[in-house]
2 protein chains.
Amino acid sequence: MRRDSKLSGVLHVLLHMAEIEGPVTSEFLAGVMQTNPVVVRRIMAGLRDRGYVHSEKGHGGGWRIACDFEAVTLRDIYDALGAPEIFAMGNRSEAPGCLVEQAVNAAMDESFREAEALLMAQLGRVTLATLSADFHARLAARGGDFNLETAHAV
Amino acid sequence: MRRDSKLSGVLHVLLHMAEIEGPVTSEFLAGVMQTNPVVVRRIMAGLRDRGYVHSEKGHGGGWRIACDFEAVTLRDIYDALGAPEIFAMGNRSEAPGCLVEQAVNAAMDESFREAEALLMAQLGRVTLATLSADFHARLAARGGDFNLETAHAV
DNA sequence: CGGTCATGAAACATGTAAAGTTACATGAGG
DNA sequence: CCTCATGTAACTTTACATGTTTCATGACCG
């Protein structure tokens, strides 16, 4: 395991769901993502709480998209995941008594804060519909002979 | 342990060194950073290779600043550390066969790439001299009664 | 020259967090 | 009432930054 890939993973799941009729089980999505159904439920939980997806138990149950792809941005999805830490780097201590460290923290914080703001703005500019359209463009470029069901087979 | 704090740590060390006459031992710097001398040598190795600092063995040995604080930016220091990973988030897989994942990766990569570019530009704008000046301003604001030697005591 | 102090570097230990796994409870159909 | 699917908690695994131990190398000092 290396970096947090929840955002990447959940977007992958959503776009696949959009291509499939009817509810999809965690187990199926786990196959798509080559992971465990519980991992899928975990990352979907935040989206469910925000109403972006809906889940149903029992026979014929599973996950269903419950939002307008035009209206939801990557920023929204990021927030639904609990706004996980963006940067792999940070200050050694947050509230240092040392004035040197205060100066270092202040300089680094400002740079990182601005980069974060830009990233959030970028993510807010991309909707799920944008992503889906990009996928369909790639599909068309391939002549549409792409099989979603087998694309993840090992 | 949480996030990579090498950049924060090495800047802290450099600013302290600037306030001290003559060479400084890893052991002393380790005290300042509340860590181990080996950790100090480890993060300083990259700076030594680039000539930003100089090290000497034996009696009276230690570390010495060997660069112009006006000329070296935080970006330079970041590079000297080996340009460690900036983001805590990333793609699940880098070269996916799945077209959906390709679309997801493309969108995320672009956002992250722009945020990274901005961050690098920000870091390139701040010199070690800027940081040092900021520290001295904080020092003056305190009336200059700040003792560097004891600022890290527990 | 031998003793001591310092860096250099490799090898190993530890702590933390993401991701993976197991287990069981809950509810929906059939 | 049996099976399927989600909901969740607890536990395991893995990766990695950091911490630690150890020894080699070289410099200075008496």
Side-chain angles (χ1 to χ4, degrees), chain A residues 1-10 12-13 17 20 22-49 53-66 81-93, chain B residues 1-10 12-13 17 20 22-49 52-66 78 81-93:
Chain A
M1 270 133 270
R2 221 167 73 247
R3 301 184 298 167
D4 181 339
S5 60
K6 283 195 287 290
L7 181 55
S8 170
V10 78
H12 190 182
V13 161
M17 285 173 68
I20 298 170
V24 193
T25 66
S26 303
E27 180 138 22
F28 175 83
L29 294 173
V32 165
M33 287 188 52
Q34 298 182 113
T35 181
N36 194 291
V38 177
V39 174
V40 173
R41 292 188 193 116
R42 202 139 64 189
I43 64 177
M44 295 292 275
L47 305 214
R48 184 190 57 224
D49 294 346
V53 294
H54 183 245
S55 63
E56 264 172 48
K57 293 180 174 179
H59 275 281
W63 298 91
R64 207 184 279 273
I65 288 170
L81 292 175
E85 186 59 46
I86 294 172
F87 297 108
M89 308 173 59
N91 299 134
R92 293 188 327 111
S93 57
Chain B
M1 270 135 272
R2 219 166 74 250
R3 299 183 296 165
D4 181 341
S5 61
K6 285 195 286 291
L7 181 56
S8 170
V10 79
H12 190 183
V13 162
M17 285 173 67
I20 298 171
V24 194
T25 67
S26 303
E27 180 137 23
F28 175 82
L29 293 173
V32 165
M33 287 188 52
Q34 297 181 116
T35 181
N36 195 289
V38 178
V39 174
V40 173
R41 292 190 193 114
R42 202 139 62 189
I43 64 177
M44 295 291 275
L47 306 214
R48 184 190 58 226
D49 294 345
Y52 298 146
V53 295
H54 183 243
S55 64
E56 264 171 46
K57 293 180 173 180
H59 272 284
W63 298 90
R64 208 185 276 276
I65 288 170
Y78 167 77
L81 292 174
E85 185 58 46
I86 294 171
F87 297 108
M89 307 173 59
N91 298 135
R92 294 189 324 110
S93 57

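Only a predicted model underlies this, so the values are computations on that prediction, with no experimental measurement involved. The chains referred to below are lettered A, B, ... by the order of the sequence lines, with proteins before strands, and numbering in each begins at 1.
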Query raised in the report: Where each residue is assigned the nucleotide of DNA chain D containing its nearest heavy atom, which of Trp63(A) and Thr35(B) is assigned the position nearer the 5′ end?
Result: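 With Trp63(A) and Thr35(B) compared, the 5'-side residue is Trp63(A).
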Nearest whole angstrom, please: distance from the [atom2] of [N] to the [atom1] of [X].
| X | N | atom1 | atom2 | answer |
| --- | --- | --- | --- | --- |
| Arg3(B) | dA18(C) | CZ | C1' | 16 Å |
| Phe28(B) | dC5(C) | CZ | P | 18 Å |
| Asn36(A) | dA18(C) | CG | C1' | 14 Å |
| Phe87(A) | dA17(D) | CZ | C1' | 19 Å |
| Glu56(A) | dG30(C) | CD | C1' | 15 Å |
| Glu27(A) | dT21(C) | CD | P | 13 Å |
| Ile43(A) | dA18(C) | CD1 | C1' | 12 Å |
| Leu7(A) | dA19(C) | CG | P | 11 Å |

Would the distance check show the side chain of [X] and the main-chain N or O of [Y] forming a donor-acceptor pair, the cut-off being under 3.5 Å?
| X | Y | value |
| --- | --- | --- |
| Arg92(A) | Met33(B) | yes |
| Ser5(B) | Ser8(B) | no |
| Tyr78(B) | Pro84(B) | yes |

Phosphate oxygens OP1/OP2 of [N]: is one of them under 4.0 Å from a side-chain N or O of [X]?
| X | N | value |
| --- | --- | --- |
| Thr25(B) | dC5(C) | no |
| Arg41(B) | dT7(C) | yes |
| Ser26(A) | dA5(D) | no |
| Lys57(B) | dC5(C) | no |
| Arg48(A) | dT8(D) | yes |
| Ser55(A) | dG7(D) | yes |

Report task. Using the side-chain contact (heavy atoms from CB on, under 4.5 Å) rule, take Asp4(B) and Glu85(B) through it: C-alpha gap first, then chi angles, then the decisive distance, then the call. Result -> CA-CA 9 Å; Asp4(B) 181 341; Glu85(B) 185 58 46; over 6 Å; no
Query raised in the report: How is Gly60(B) classified with respect to the nucleic acid when contacts are heavy atoms under 4.0 Å: base, sugar-phosphate, or nothing?
Result: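 Nothing, no nucleic acid heavy atom in range.
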Requested in this report: Hey, which sits more toward the 5' end of DNA chain C by its nearest nucleotide, Val38(B) or His59(B)?
Outcome: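 The residue closer to the strand's 5' end, by nearest nucleotide, is His59(B).
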**Report entry** Derivation of the side-chain contact (heavy atoms from CB on, under 4.5 Å) call for Met17(B) and Ile20(B)
**Finding:** CA-CA 5 Å; Met17(B) 285 173 67; Ile20(B) 298 171; 5.9 Å; no
Query raised in the report: Considering only dA17(D), dA27(D), dT8(D), which nucleotide approaches the side chain of Asp4(B) most closely?
Result: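 Of the options given, the side chain of Asp4(B) lies nearest dA17(D).
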Query raised in the report: Hey, does the side-chain of Arg42(A) have a donor or acceptor N/O within less than 3.5 Å of a partner on the base of dG20(C)?
Result: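 Answer yes: a donor N or O sits under 3.5 Å from an acceptor.
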